[in-house]
Every structure is written in structure tokens, then in C-alpha cells.
Number of protein chains: 2
Amino acid sequence: MNPSEILFHHQVKKTTPRVAIIQALQQRCTPLSEGDLKDLLGDLYDRTTFYRSMQTLTDAGIIHRIVADNVLVKYVLNDCEHGHHHQPDHVHFYCQQCKDLICMEELKVQAYQLPDGFKEQTCDVIIRGLCSNCNK
Amino acid sequence: MNPSEILFHHQVKKTTPRVAIIQALQQRCTPLSEGDLKDLLGDLYDRTTFYRSMQTLTDAGIIHRIVADNVLVKYVLNDCEHGHHHQPDHVHFYCQQCKDLICMEELKVQAYQLPDGFKEQTCDVIIRGLCSNCNK
DNA sequence: CATACATTTGCAACAATGTATCAGTTGAGC
DNA sequence: GCTCAACTGATACATTGTTGCAAATGTATG
């Protein structure tokens, strides 16, 4: 699906910044930060607009937000091909040296049984350490 | 163990801010943020000193840092009674409404087998949602 | 106890990641 | 093409840090 279709499918208005952001995330196929996206897209939009767009896209279930560390937040496209809201079910690895965030697709997150009354909205598993490149 | 003993035991110099921070964490027995600690301790030290102290105490294995969200970081004392460095092995629940961070001691984190070459330093599992108080 | 020297602290400035307000612009439906 | 709600840009501000440097403090030694 192209950006316009994704937005229409999730009943979100089509605007220039939103299309550009989705397009960039599709092309890179890896979690990107605000800085990464700015490097790719330049001054296409204001920072305020960026954050509001990300909020809108997250609420709509189009993207997912990963807090790699308190000073590094990255965004990834959800799997929109199958038409349902797809929450990541795998572990994320964050290299403290090269600051890369890697999806460990093969490491699935177990389902946790919360006590009565608690409602889960998202569940993130972040392993921090050194990636194979930096651990030499 | 009292704060001075903990610092000596980990070969970290005893200073006023460090003792005060450990004391506050011991008394509260729950994860505290910079703001929480400032409310407790007032202007006992500068913000820069706080962050440097937390870095030192984390490196020494005396405390552990929990990234509840990119805008909320909390700190907890490790279990120093048994003389070894104790990494939390349980899930943390973060209530998006009341901003409370709860240790789910009964939910243990599984060990993940990383690919060759990767080195794990910390592993955090954060479930975000609504706590039993706010989910009504 | 006094001195020496490395460690730690306080202050000021700066950086990244957001949020709030409000006027002005744009998009979608008719 | 019009209309009006929704979105955007600009400015200001909040939180969570980090960096550099001079001054203060802690620990080891005489």
C-alpha cells in the first residue's frame, strides 16, 4: 500500500508531512528517529508538526513508537498490509555504542498476565548492550 | 546496610549528595525520579551533581535506572543486602494516566538468547497502560 | 592534625525531545 | 469552487540530560 492508501484506510486526513513521513519509513524499513527523518526530508515541515503527526499516526495504529533510551526515540511503520493494527511482538536491541536499534524478529515477547484491573496498552522489551559490530 | 557502608562496600567515595540520595531511596523503597528526589531533599545539591551521582551509582551497581517513558526516568536501589550486583528481573508497569511506575515482582522476565557477538548489558520490560486505580 | 592532590561539586551554557497556544493555511465534502 | 473543521508554523516553555571550567571537598600520607 502506498502512503495515501494507508492514510485513507485508517481514516486519517492526507497531508504533505504525513505522506512524506510514511514514505520515508517505507523506504528505509528500519526504525527512524526525528533526526533521521529530518536528514531525509529536510525542512519539509516544522518540528511541532512532526510531533503532532507522529501522535496522530500512532493513535491511528499506522506507526509504533520505540523508546530506545530516554534520549532516543524511534518510529517504525506497523504492518499495514494485512489491514489490522499490528503491535510489535519482538525484542528490540539497542547498541549503546553505535546507537543502532535492531529488531530481533526471532525473539518473541511472551504474554504477561497482569493482575486484575490493570489494562495493557503497549509492551516494550529493550535489551541494551553492544551489537556484534561494536563488541570486538 | 546504611548508605556509608554501601558506598564503602562498592568502593565509591562517600559524599553528602550520594549519602542523601541513597538514604531517600532506602526510605521510599520505590522507584523515584529526579523530581521526586528534589521534592524530598530540596536544594541539597545541584542538578548536574544529581546526574553525575546517578551515573556513578549506576556504574557501581548500587542503583538501577528505569526508563518508564522518554520523559520519565526513575531510579531504584539494587538489592545490596546480599553483596552482589542485582539487576531487576521483573516487569515494570507504567500507568499512562497517573504516571506511577509499579514493580511487578511476580512477573519474571525470561532470558533471551541473543545472536552470536551481541553482548547484553541491561534488559528492560515496560508494560504501559492503565493501573487498577485509573482503569475504572 | 596538617598538607597535598585527586575527586567531586556548582554554575553557566547547550542539546534533544517534547508540549501549549494561537493565528494563519489547507484539505475534504458538498 | 466554497465552507469549515482540521492541520500547520512560529514562538515560547518544560524535562532530562551533557560539557567545560573554576572552586570546594574527601582521602591518603607525613
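To find a chain, count down the sequence lines: A is the first, B the second, and so on, and within it residues start at 1.
- Atom CG in B:Asp39 sits roughly 11 Å away from atom P in D:dT15 (whole-Å rounding).
- Exactly one residue among A:Leu77, A:Leu57, A:Val76 makes a side-chain contact (heavy atoms from CB on, under 4.5 Å) with A:His64. That residue is A:Val76.
- Across the protein-nucleic acid pair, B:Lys99 atom NZ and D:dA14 atom P stand 18 Å apart, rounded to whole Å.
- The nearest pair of heavy atoms linking B:Cys131 to B:Cys95 is N-SG, 3.5 Å.
- If you check the side chains of B:Asp36 and B:Ser33, you find a donor sitting under 3.5 Å from an acceptor.
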Using residues 109-116 of chain A as the side-chain source, report each donor-acceptor pair under 3.5 Å to any protein atom, sequence neighbours left out, with the distance given to one decimal.
from	atom 1	to	atom 2	distance (Å)
A:Gln110	OE1	A:Tyr112	OH	3.4

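- Comparing the start and finish of the helix from C:dC1-D:dG30 to C:dC30-D:dG1, five pairs each, the helix axis swings through 40°, to the nearest 10 degrees.
- Across all non-hydrogen atoms, the minimal contact from A:Glu105 to A:Lys108 is O-NZ, 3.1 Å.
- Residue pairs meeting the ring-ring contact (aromatic ring centres under 6.0 Å, His included) criterion with at least one partner in residues 26-60 of chain A, sequence neighbours excluded, are A:Phe50-A:Tyr75.
- Listed in residue order, the members of residues 44-54 of chain B having a heavy atom less than 4.0 Å from DNA chain D are B:Arg47, B:Thr48, B:Tyr51, B:Arg52.
- Here the closest heavy-atom approach between residue B:Lys14 and residue B:Leu7 is recorded as CA-CD1, 3.9 Å.
- Counting to the nearest Å, the C1' atom of C:dT7 and the CG atom of B:Asp59 are 15 Å from each other.
- Per the geometry, CG belonging to B:Leu72 stands 18 Å off P belonging to D:dA14, to the nearest Å.
- Look at A:Asn70 and you'll find a side-chain N or O under 4.0 angstrom from OP1 or OP2 of D:dG17.
- B:Leu101 is not connected to B:Met104 by any chain of hydrophobic side-chain contacts under 4.5 Å among Ile, Leu, Val, Met, Phe, Trp and Tyr, and they are in different clusters.
- Judged by closest nucleotide on DNA chain C, B:Thr56 is the one of B:Thr56 and B:Asp69 placed further toward the 5' end.
- If you take CD of A:Gln55 and C1' of C:dT19, they are 10 Å apart, rounded to a whole angstrom.
- One N or O on the side chain of B:Gln26 and one on the backbone of B:Met1 form a donor-acceptor pair closer than 3.5 Å.
- Contacts with DNA chain C (heavy atom under 4.0 Å) in residues 27-37 of chain A: none are found.
- When all heavy atoms are compared, the tightest approach of B:His10 to B:Ala60 is CD2-O, 3.2 Å.
- As a whole-Å value, the separation of A:Lys74 NZ from C:dG18 P is 13 Å.
- Heavy atoms only, all atoms of each residue included: B:Ala24 and B:Leu40 are closest at CB-CD1, 4.1 Å.
- Ion pairing between A:Asp69 and B:Arg65 holds under the 4.0 Å rule for side-chain N and carboxylate O.
- The shortest distance between the side-chain N/O atoms of B:Arg65 and the OP1/OP2 oxygens of D:dG17 is below 4.0 Å.
- Between A:Ile126 and A:Val67, the closest heavy-atom pair is CD1-O, 3.6 Å.
- Between the CZ atom in B:Phe93 and the CZ atom in B:Arg128 there is a gap of 10.5 Å [rounded to 0.5 Å].
- The separation between A:Lys38 atom NZ and C:dA15 atom P is 13 Å, rounded to whole Å.
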* Let me have a per-nucleotide readout for nucleotides 24-30 of chain C, 5' to 3', with B, S or -, counting only protein heavy atoms under 4.0 Å. => ---SS--
